[in-house]
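Taking it in order: structure first as structure tokens, then the write-up.
As the structure is a prediction and not an experimental result, all values here were calculated from the model.
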2 protein chains.
Amino acid sequence: MDFEAIKAHLAKKGLKATHQRLVVLQCLLMLKNHPSVEQVYEKIRPGNPTISLGTIYKTLETFVEAGIVQRVSTKEGAMKYDANLSRHDHIYSTNTQEIIDFEDEELSKIVENYINKKRIGNFKVNDIRIQIEGEKINPEKDIDII
Amino acid sequence: MDFEAIKAHLAKKGLKATHQRLVVLQCLLMLKNHPSVEQVYEKIRPGNPTISLGTIYKTLETFVEAGIVQRVSTKEGAMKYDANLSRHDHIYSTNTQEIIDFEDEELSKIVENYINKKRIGNFKVNDIRIQIEGEKINPEKDIDII
DNA sequence: TTTTAAATAATAATAATTCTTATTTAGGAA
DNA sequence: TTCCTAAATAAGAATTATTATTATTTAAAA
Ligand SMILES: [Mn+2]
Ligand SMILES: [Mn+2]
Ligand SMILES: [Zn+2]
Ligand SMILES: [Zn+2]
């Protein structure tokens, strides 16, 4: 997504296309690592030295409310953000603190169908998320899903 | 689990059975709500007015390290603790901030088998967790799984 | 009973997040 | 294009969450 497309994306949600919002969203789309607020800040700072950390916090929460970004949390507590809104799950590597997308339509469908069949009374299901936790064997190398 | 059983449980893990640890663990076993540190503190305080908040933090982390309690997190960020170590999943109600256990051996097996079949290279899976997010329809009433 | 390593209480320090307010700015109106 | 205004930002203060420090207490082993 280029700058103009991002601008249109924001406009569609009724959000002013400020420079700060453009760079934060571009950063999130680029880094697919599910970065923390601090990580977005550090990434953006060199090219935008006057941007404020508070603005990053505010901007990311604005995006969450507008539904163009989602929060992802791990057992380690730090809050992370994800611009990938397609229905997907996460692999969390405890030794490297990485979060990696795990996309598997078939699995999603299986679980979704199973839970819908099950019927949970007095509750409306909005989202089902699978978290696969474990550790990278060689922290230098990438995880690859076969 | 009564006080003596909890005492034995701690001893088995090589942890001193201090009064503070006994009441914190008993509290977690009793409240199955996946309470936060603050909630454990408030629950315990009336009967133990000299207990320190720092001790609750320390104690819960000690339990996590010893493997007798696990952390549970939600997208809202607050850290919660769970003494239920059986393989189970969670229903998270966003409007009431409640976490409820969802126990379904069959579903667990299906997902586990699927992921094991899939093979994730350079990664050792330790745990698979499903989080069902949504909202209570009537916040006063309980969620019931059929 | 005595000893001692480990745990706790109290409090200080640090880290994470939110709030406040003066200033700036995007985008619509003129 | 220029003007206007509501909304957004920067800077810093305040709040909240968590961790660290240290003197005192205590569980449990000798
Ligand atoms: Mn539970
Ligand atoms: Mn936090
Ligand atoms: Zn993701
Ligand atoms: Zn649970």
Length of the CD-P vector between Gln39(A) and dA16(C), whole Å: 11 Å
Side chain of Arg21(A) only, heavy atoms from C-beta on: which candidate in dT17(C), dA8(D), dA7(C) is closest? dA8(D)
Rounding to a whole Å, what distance do you find between Leu60(B):CG and dT8(C):P? 11 Å
Under the ring-ring contact (aromatic ring centres under 6.0 Å, His included) test, residues paired with His90(A) that sit two or more places apart: His34(A), His88(A)
Whole-Å distance between dT8(C) P and Asn48(B) CG? 12 Å
Name the pairs: protein N/O against N/O of nucleotides 9-12 of chain C, kept only if under 3.5 Å.
| residue | atom | partner | partner atom | Å |
| --- | --- | --- | --- | --- |
| dA9(C) | OP1 | Gln20(B) | NE2 | 3.1 |
| dA9(C) | OP1 | Thr50(B) | O | 3.3 |
| dA9(C) | OP2 | Ser52(B) | N | 3.1 |
| dA9(C) | OP2 | Thr55(B) | OG1 | 2.5 |

Under a 3.5 Å cutoff, is there a donor and acceptor pairing between the side chains of Thr96(A) and Ser93(A)? yes
Short side-chain N/O contact to dT17(C) OP1/OP2 from Tyr57(A), under 4.0 Å: yes
With Glu76(B) via side chain to side chain contact (heavy atoms under 4.5 Å, CB included) - residues at least two apart: Arg71(A), Thr74(B), Tyr92(B), Thr94(B), Gln97(B)
In short, the helix from dT1(C)-dA30(D) to dA30(C)-dT1(D) is bent end to end, axes from five pairs each side, to 10°, by 30°
Distance alone, cut at 3.5 Å: any donor-acceptor contact between the side chains of Glu98(B) and Asn33(B)? no
Rounding to an integer number of Å, can you tell me how far Met79(B) CE sits from dA16(C) P? 13 Å
Could you tell me which residues satisfy side-chain hydrogen bond (donor to acceptor under 3.5 Å, both in side chains) with Gln131(A), sequence neighbours excluded, listed by chain and number? none
For the pair made of NZ in Lys80(A) and P in dA16(C), what is the distance, rounded to whole Å? 12 Å
Pair Lys136(A), Asn138(A): side-chain N/O donor-acceptor within cut-off below 3.5 Å: no
DNA chain C contacts among residues 6-19 of chain B, heavy-atom distance under 4.0 Å: Lys16(B), Thr18(B)
Atom-pair distance (CD on Glu76(B); P on dT17(C)), nearest Å: 13 Å
Take atom NZ of Lys58(B) and atom P of dT22(D), then tell me their distance rounded to the nearest Å. 15 Å
Test item: side-chain donor near acceptor, Tyr81(B) and Glu61(B), under 3.5 Å: yes
Do Asp142(B) and Asn122(A) meet the criterion of a side-chain donor-acceptor pair at a distance under 3.5 Å? no
Could you tell me whether Glu133(B) and Lys75(B) make a salt bridge, using a distance below 4.0 angstrom between a side-chain N and a carboxylate O? yes
We want to know whether Gln70(B) and Asn84(B) form a side-chain donor-acceptor pair, criterion being a heavy-atom distance below 3.5 angstrom. no
Could you verify whether a donor N or O on one side chain and an acceptor N or O on the other, from Asn126(A) and Lys124(A), lie under 3.5 Å apart? yes
Rounded to the Å, how far apart are Tyr41(B) OH and dA17(D) P? 13 Å
